[in-house]
Amino acid sequence: MDRYTIPPDAFLGDIPVRTPLEPGQVALVGTGPGDPELLTLRALRIIRQAEVVLYDNLVSDEIMALVPAQVERIYVGKERAKHTMRQESINALLSEQARRGRRVVRLKGGDPFVFGRGGEEIETLAADGVNFQVVPGITAALGVSSYAGIPLTHRDYAQACIFVTGHLKDGTCNLDWPALARPRQTVVFYMGLVGLAEICRQLVAHGLPAGTAAAIVQQGTTSSQRTVIGDLSTLPERAQAAGVRAPSLIIVGEVVRLREKLDWYAGARAEG
Ligand code: SAH
């Protein structure tokens with residue numbers, strides 16, 4: 001058996017591999033928000049076929065532990081204000097590795113096409129004539145809201161849900177605040193921790209009641225998940241007092257109140 005043939009797994013049954021990773025191909029793989037059980041079967045199988053893996057700080061250690069030992073790992077991490085590798089260099093590195101005929105896996109937290117710059121990475125590959133495939137992942141909004149006991153929509157409270165980036169360039173607000181401040185919807189802010197106070201202020205200034213429920217969830221779906229609940233007037237102070245750190249997701253909307261009844265996840269439970 002070739003080293004890169006996928007070993008038969010009892011739990012994968014007879015599901016055929018439809019898109020094996022080819023030599024010289026890049027797979028852009030979403031790994032979900034942290035809990036390794038939220039990987040898709042396809043992601044796990046592709047990871048096991050890799051010869052080189054590029055990853056960043058949003059890919060959890062538990063997921064990196066699923067990468068076979070002989071596979072080369074390249075850290076291309078990006079943290080706010082501490083860019084380890086520029087996006088252009090990552091794009092170029094992916095092309096270069098693939099051109100060497102290797103099976104390349106680019107791991108991305110959540111889903112590669114949701115605030116992940118995955119589109120930019122494969123645009124470069126497409127321009128360079130490099131073969132690629134994309135494996136979707138559970139985006140943070142979906143995983144984190146489930147594990148925090150906050151349904152993003154609910155017939156009584158929210159008929160729409162918006163995902164938006166809260167990364168506000170130099171404090172200037174170029175978001176469509178009137179649209180975000182409409183009633184009967186849920187707004188999920190990615191990368192909003194630094195701008196939390198400004199986000200809450202703008203939503204109130206554009207018409208949402210200051211008492212609108214809001215939550216911030218740190219490291220959702222992992223064993224370190226923490227949730228701070230409040231409303232648009234209290235959340236910034238509470239989050240600061242609790243020392244909330246990245247990665248954190250902000251959820252704004254009346255659905256947050258359901259958590260009182262629906263909170264089910266107690267982090268990693270000691271077992272056995
Ligand atoms: N492509 C990713 C998002 C990358 S942007 C996805 O689909 O999920 C990075 C932002 O995602 C973080 O700033 C944070 O807002 C959010 N995020 C990612 N993982 C998270 C987690 N486990 N808990 C809370 N927020 C998370």
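All values derive from a computational prediction rather than experimental measurement. Along the sequence shown, the residues carry numbers beginning at 1. Every number for a ligand or one of its atoms is a count from 1 in the order of the listing.
Protein heavy atom nearest atom 10 (C) of ligand 1, with residue, atom name and distance: M191 CG, 3.8 Å. The protein heavy-atom contact nearest to atom 5 (S) of ligand 1 is F115 O, 3.4 Å. Of all protein heavy atoms, the one closest to atom 17 (N) of ligand 1 is A140 CB, 3.5 Å. For atom 22 (N) of ligand 1, the nearest non-hydrogen atom of the protein is P33 O, 2.8 Å.
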E198/R201 under salt bridge (Lys or Arg N to Asp or Glu O under 4.0 Å): CA gap, chis, key distance, verdict: CA-CA 5 Å; E198 179 66 3; R201 202 181 69 73; 3.3 Å; yes

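Distance CZ/F115 to NZ/K108: 13.5 Å, rounded to 0.5 Å.
Applying the salt bridge (Lys or Arg N to Asp or Glu O under 4.0 Å) test to every pair with at least one member in residues 248-261, sequence neighbours left out, gives these pairs: E254-R257, R259-D263.
Between L58 and ligand 1, not a single N/O pair is under 3.5 Å apart. For ligand 1, the polar-atom distance check finds an N/O of V114 within less than 3.5 Å of one of the ligand's N/O atoms. Between G192 and ligand 1, not a single N/O pair is under 3.5 Å apart. Remark: ligand 1 and T139 share an N or O pair separated by less than 3.5 Å (distance only, no angle test). Here's the thing with F189: none of its N/O atoms is less than 3.5 angstrom from an N/O atom of ligand 1. In terms of N/O distances under 3.5 Å, ligand 1 is not approached by T221.
At a 4.0 Å heavy-atom cut-off, ligand 1 touches S248 through the backbone alone. The proximity of Q219 to ligand 1, defined as any non-hydrogen pair under 4.0 Å, is limited to the backbone. Residue-level proximity to ligand 1 for V144 is carried by the side chain, the only part with a heavy atom below 4.0 angstrom.
Contact analysis leaves A246 out of contact with ligand 1, as no non-hydrogen atom separation drops below 4.0 angstrom.
Residue D156 places its CG atom among more than 12 non-hydrogen atoms of other residues, nucleotides or ligands, all under 6.0 Å distant. Residue-environment remark: CD (E37) stays at or below the threshold of 12 foreign heavy atoms within 6.0 Å.
A side-chain contact (heavy atoms from CB on, under 4.5 Å) with I90 holds for exactly one of E121, E120, R117; it is E121.
Between the side chains of R226 and Q218, at least one donor-acceptor pair of N or O atoms lies under 3.5 Å. Defined by atom type and a distance below 3.5 Å, a donor-acceptor pair is present between the side-chain atoms of Y190 and T139.
Comparing P247, G110, G116 by heavy-atom distance to atom 12 (C) of ligand 1, the nearest is P247. Atom 16 (C) of ligand 1 has its nearest heavy-atom neighbour, among T31, I250, L249, in L249.
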